[in-house]
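Quick notes on the structure that follows.
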Amino acid sequence: MAPMASMAHQAPLTHPVAFLARRAATALAAVMVLGAAAAPAAYADSPSASPKKLPGGLYGSKDPQYDGVWRQSLALLAQDTVGVRPAASAVNWLAGQQCADGSFTAFRAVPGKPCDAKTLRDTNPTAAAVQALAALGGHGDAVKKAVSWLKSVQNDDGGWSSMAGSASDANSTSVVIGALTAAGEKPPSVTSKQGGKTPYDGLLTFQLGCAAKGDGRGAFTFQLKGAAPNADATAAAATGARGKGFVVEPAGNGADTPVKSLSCKDGDEKAGADDPAQAAEGGDGYLVAQLDRNGQHLLSAMPGAEKQPDVGNTADAVVALAAGAHGAAAAKPLKWLEKNSADWAKQNGPAAYAQLVLVAHATGTDPRSFGGTDLVAALNATGPEPAAAAKKDAEDADGSKDGGGLGLVWVIGIGLAIGAGIGFLLSSRKKSRL
């Protein structure tokens, strides 16, 4: 989920902190493959310094320096998806983070200060903000400007990097595809100025095809063609290749299609699938194989660290499978998430809660009873009280309606917050994302 942050996202162990973290871990892994190659710009960026006091409309209680826009976007998008009207202060904070040219950075401590050449504009928070503002409505001009900026920094291969001018990566390209779709654009019609490549042309270059060794067939790499399979990038790409963003509508009616792994014939050295749909299926096949191997969750391992369950990345995989109408395949890791995500979400805050809300939405699961947790109430509790909830409380106060209903429960919850992450680089975008 996707600003790689997007990975979240999670700082990729979740989102920003998972999205970014996952993105960072992926970037570091790529650097290790290259040896002397430099780390991606997104990993080395440094947005506005940490604020002494958090803005009133911001979701989460942790430092927003690297994931403020990302986690805010996911939080507002998740609320909108379940019918909660966000507080005006929260929406205004997000809209106010936009630079005059339409771009967003991870966080601007002083929104009134114009963005200059030193402002580290990032495609991940920009794409996340587009998805949120487009869903909320009433911000058509902001969405249009952001999309125009994203188009202006499209690479010649059709894809995007987190930072303009860097090599494209699967996570950033996927989250931008989601933004284009949310804004009413048709991704195949968005072509690079040099070469006329589409976002899908760029995305499919990261898929490992029939020449891949081991169980890597169908997987996507984060950035470098021929690099190791990356589950985070694969989950993001399998969703993006279908033209979908963070919000995936449930298939409904018990619809379920079998997962098809990338088909290969003896001697077939083709790079990957021929079209986005086939590429997405190949990615899903890789994800299912990894989920089955690990007990229905994916693993995350920072370079040199012991492998451990990656809740955010597993959530991204569930959304990817749901996007392909693979209900049976998504049901198993979904069950794992319901049993194992509560502590992770509480620790990581708004982007994590939002990511799980979007998982519930994609799978047709009740987000107000997710493994015993009311995700909506917990998410609402990490930021300003939603406008709809405030109205409900007023009605209860004057006796115009009975109190204690489900609407009241929605606004009660517990949550700690961190953000989504250093972008899709490290994340689970994730996918943080947070």
Side-chain angles (χ1 to χ4, degrees), residues 2-4 6 30 40-42 99 101-104 121-131 134 140 143-211 218-227 230 233-234 236-245 262 268-283 323 423-425 429:
M4 169 82 315
S6 106
C99 295
D101 62 2
S103 66
F104 285 76
R121 296 159 172 81
D122 192 326
T123 63
N124 286 269
T126 300
V130 166
Q131 294 188 50
V143 170
K144 184 177 180 180
K145 288 173 63 178
V147 169
S148 294
W149 180 79
L150 288 170
K151 290 180 178 179
S152 74
V153 295
Q154 183 179 22
N155 287 332
D156 291 345
D157 62 6
W160 283 265
S161 62
S162 176
M163 297 296 171
S166 299
S168 299
D169 65 75
N171 294 72
S172 296
T173 300
S174 297
V175 74
V176 172
I177 288 175
L180 294 174
T181 300
E185 298 276 347
K186 295 182 179 180
S189 67
V190 179
T191 57
S192 59
K193 296 179 181 178
Q194 297 293 328
K197 298 292 185 178
T198 73
Y200 295 131
D201 290 328
L203 186 60
L204 268 57
T205 63
F206 302 113
Q207 186 168 42
L208 299 178
C210 299
F220 284 74
T221 65
F222 169 72
Q223 187 172 48
L224 303 173
K225 186 174 181 179
N230 184 282
T234 301
T239 301
R242 292 187 170 97
K244 299 182 183 296
L262 190 65
D268 190 352
E269 298 297 313
K270 184 173 56 176
D274 292 327
D275 60 49
Q278 291 178 343
E281 284 296 311
F424 266 135
L425 267 181
R429 186 164 82 227

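For reference, positions follow the sequence shown, starting with 1.
Shown here for A241 and A280, the closest heavy-atom pair between the two residues is CB-CB, 4.0 Å. Minimum heavy-atom separation, A146 to V130: CB-CG2, 3.4 Å. Between A182 and A134, the closest heavy-atom pair is O-CB, 3.6 Å. Shortest non-hydrogen contact noted between P187 and P199 is O-CD, 3.0 Å. In terms of heavy-atom proximity, S168 sits nearest to D157 at OG-OD1, 2.9 Å. Residue S192 comes nearest to G195 through the heavy atom pair OG-C, 4.1 Å, listed as atom of the first residue, atom of the second, then distance.
Side-chain N or O atoms of N155 include one that pairs as donor or acceptor with a backbone N or O of S166 at under 3.5 Å. Checked by atom type and distance alone, the side chain of S174 pairs as donor or acceptor with a backbone atom of A170 at under 3.5 Å. The closest donor-acceptor contact from the side chain of T181 to the backbone of G178 lies at 3.5 Å or more, if one exists at all.
At a threshold of 4.0 Å, the pair E281-R242 counts as salt-bridged, since one of the basic side-chain nitrogens sits closer than that to a carboxylate oxygen.
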* **Intermediate values then yes/no, side chain to side chain donor-acceptor pair (under 3.5 Å), D122 and S162** => CA-CA 5 Å; D122 192 326; S162 176; 2.7 Å; yes
* **Stepwise side chain to side chain donor-acceptor pair (under 3.5 Å) check, N124 with S172** => CA-CA 6 Å; N124 286 269; S172 296; 3.0 Å; yes
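In this structure, the side chains of D101 and R121 come closer than 4.5 Å at one or more pairs of heavy atoms. A heavy-atom distance below 4.5 Å is not found between the side chains of Q154 and V176. Side-chain contact between L203 and F220 is present, with at least one heavy-atom pair separated by less than 4.5 Å.
The distance from the CG atom of D275 to the CG atom of L204 is 7.5 Å, given to the nearest 0.5 Å. Distance CD/Q131 to CG/L180: 9.5 Å, rounded to 0.5 Å. In this structure, N171 CG and T234 OG1 are separated by 9.0 Å, a value rounded to the nearest 0.5 Å.
Applying the side-chain hydrogen bond (donor to acceptor under 3.5 Å, both in side chains) test to residues at least two apart or on different chains, the pairs with a partner in residues 193-204 are T198-D201.
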